[in-house]
Amino acid sequence: MGSIEIKPGIHWVGAIDWAVRDFHGYITPHGTTYNNYLILDTHVTLVDSVKEDFTEYTIDSIRGLVDPAKIENVVINHIENDHASGIGKIMELTPNAVIYITDRGKKALDRFFDTSRWTFKIVKTGDTLSTGTKTIQFIETPMLHWPDSMMSYVKEDKLLISQDAFGQHLASSARFDDEFCGQYSVSALEHAVRDYYANILMPFGTLVKNKIADIQKLGLAIDMIAPDHGIIWRKDPGKILQMYLDMANDKADLRVIIVYDTMWHSTEHMTIPIMEGIKAAGVDVDVLKLRSTPMSVAIKRVWESRAMLVGTPTLNNIMFPSVAEFLQHLRGLRPKGRLAGAFGSYGWGGGAVKEAYEHFKKMGLETVEPGVEVIYRPSLEDDKKCFAFGKQFAEKTIEYHKKFNGQPTQCKP
Ligand code: FEO
C-alpha cells in the first residue's frame, strides 16, 4: 500500500507528513514528505530510510512489494534524523543487509545507533553498487547540507536520488512535478523550492554551483531527480537545476523588503514614508513585522529581494529582541548579494540602528549609510526624512541590482 513506481522496478516507499508545522524551527505550513526508494532487482536495495515516527508507513509499503527480509542493500545518503532515525526499525527486519554510506555518515550514525551489529560498505564519489540489472553510482556532496551527505545516481534509469537537495516541504497527494502543477500551480512549486533553499541551503551557494558543475563533468544524463522531500522532478528536472544555479548566483527580485518590529508604533510609523519613498523611485517594496511573521517566511522574503531595510526600536541601548534574533539567524545563513540599511526610533540614548549596521558588516553585506533615526515619535519633518531615505535607498538598490546583470526576477518559468 502507498508505494508508487517512479521508474521500472524503482518504487517510492516514503511517508507523507501532513501535520508538521515546525520543522526544527522552520515553519512548514504545507507539511512535508520523507521520500525513500526501493529498487526491486536481483539484489533488493532500499535507498534512504525515513523519520522514525513514520517507519511503519515505509515498512507497510515495502511489505506490499516484497518481504523486507529480502532487502540486501540499504543506501543512506544522509543521516539527519528526518531521514535516518527509522533505520533501526528497518534493520531489525533485515539485519544482514549491507549499509552503503560515506565515511562521515558512518561516523555520525555511530553517535545515534549501536552500529556494531550492522555491516557497512564505506563509499565515495565514483563508487558503484550493482543491484543486478541496475548500477547505482555514488556522488559525495559534503556540506550539502551536512558533512555526510551524498547522492545516488541510477545509471540505467538516468535517475538522480538527491537527498535534501532539490527538495521542498510540501505534503500533497502529488508525487511528481507535473502532477503538482496540474493540481496547484507552477508558482506554488517554485515558492516551495525557494522557501526550502533560503532556509536550508542559502549558506552553501558556492558548493551548489560547484556540485552541479561536478555532476555535469561526470556526464551524467539525468531525466528524473528524486529528492528526499516533496515532489519528484520527472517532467522537467532541468528546471530545478536552473533554479538552483540562479539562486546560487544570487539572482533576486528588484525589490526592497522592510522587516521591522516596534514597541509603541514609532518605528512602525516610519515604515510608511520609507515605503512611499521606495515606491517613488520605482522599486517594489514589501513590509513584514517580525513578531507577526514566522522567521522562515521573513528569511525567504529577504532572500527573494535584492535589498533589505531593517527597522528596530532601541531597547536598553540595543536592538529590539525580535530584530536581534532575526539578524543573528540571518547571519548564520550567510546571505550574499543583498543591500542593507536600517532605521528606527529611540527614547534617549539610541544604539539599535548602529548595532544593526554592525550586524550587516559582520555578514559582509553592502550597506547604505547612515540610516535614519527618530527620537520618541516621528514628526512631519521626520516623515520627510524617512521618505528621502527610502527614495535614496531604492535608487542605490537599482544601481546595486545592475551588478547582477540586472536580472529583474528570479526563478520564473
Ligand atoms: Fe531532510 Fe538534512 O534532512
Side-chain angles (χ1 to χ4, degrees), residues 12-37 46-55 57-58 74-90 99-113 138-152 160-172 175 189 192-205 207-208 211 225-233 240 243-244 247-248 295-296 299-300 303 329 332-334:
W12 177 87
V13 287
I16 304 171
D17 188 345
W18 304 104
V20 64
R21 291 292 178 270
D22 183 338
F23 191 97
H24 59 48
Y26 168 1
I27 300 304
T28 49
H30 307 294
T32 194
T33 67
Y34 313 107
N35 299 338
N36 56 359
Y37 305 93
L46 179 66
V47 181
D48 290 325
S49 171
V50 73
K51 190 176 181 184
E52 186 176 18
D53 319 8
F54 293 82
T55 319
Y57 287 94
T58 276
V74 176
V75 175
I76 300 182
N77 282 315
H78 180 30
I79 60 92
E80 193 167 2
N81 300 40
D82 52 327
H83 305 292
S85 55
I87 190 70
K89 288 184 186 166
I90 288 170
I99 297 176
Y100 289 74
I101 191 167
T102 61
D103 183 46
R104 285 188 277 193
K106 162 73 167 56
K107 285 177 177 142
L109 203 67
D110 289 345
R111 306 295 297 181
F112 292 100
F113 293 95
F138 301 107
I139 305 160
E140 291 170 281
T141 58
M143 293 320 298
L144 283 180
H145 69 125
W146 275 24
D148 60 285
S149 301
M150 70 170 180
M151 300 183 187
S152 296
L160 183 67
I161 298 174
S162 60
Q163 48 96 11
D164 278 327
F166 312 125
Q168 338 83 46
H169 284 313
L170 280 177
S172 81
R175 296 277 67 77
L189 181 54
V193 168
R194 290 198 291 269
D195 188 55
Y196 189 92
Y197 187 101
N199 281 284
I200 295 188
L201 294 167
M202 192 196 298
F204 308 118
L207 290 173
V208 167
K211 193 44 67 179
I225 295 178
D228 278 4
H229 294 292
I231 65 89
I232 295 164
W233 303 88
I240 184 64
M243 284 185 76
Y244 264 51
M247 290 187 283
M295 175 83 76
S296 51
I299 292 291
K300 171 174 176 269
W303 174 243
H329 188 72
L333 290 166
R334 303 201 291 273

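Whatever order the structure lists them in is the order used to number ligands and atoms, beginning at 1. Atom set for the values below is all heavy atoms of this structure, side chains included, hydrogens, waters and symmetry mates excluded.
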Next item on the list: Indicate yes or no for a side-chain donor-acceptor contact from Asn77 to the backbone of Gln163 under 3.5 Å, with no hydrogens or angles considered.
Entry: no

Checklist line | Plane angle bin for Phe23 and His169 - parallel if under 30°, tilted between 30 and 60°, otherwise perpendicular | finding: tilted

Check: Are any side-chain N or O atoms of Tyr197 and backbone N or O atoms of Trp303, one a donor and one an acceptor, separated by less than 3.5 Å?
Finding: no

Margin query: Inside 2.8 Å of atom 2 (Fe) of ligand 1 but strictly below it, how many protein N/O/S atoms are present?
Written below: 4

Margin query: Can you confirm whether Ser149 sits close enough to Glu80 that some side-chain heavy atom of one is under 4.5 Å from a side-chain heavy atom of the other?
Written below: no

Item checked: Nearest atoms (heavy-atom pairs only) where Pro227 meets Asn35 -> O-ND2, 2.9 Å

Note to self: Which label fits His83 and His78: parallel for a plane angle under 30°, tilted from 30 to 60°, or perpendicular past 60°?
What the structure shows: tilted

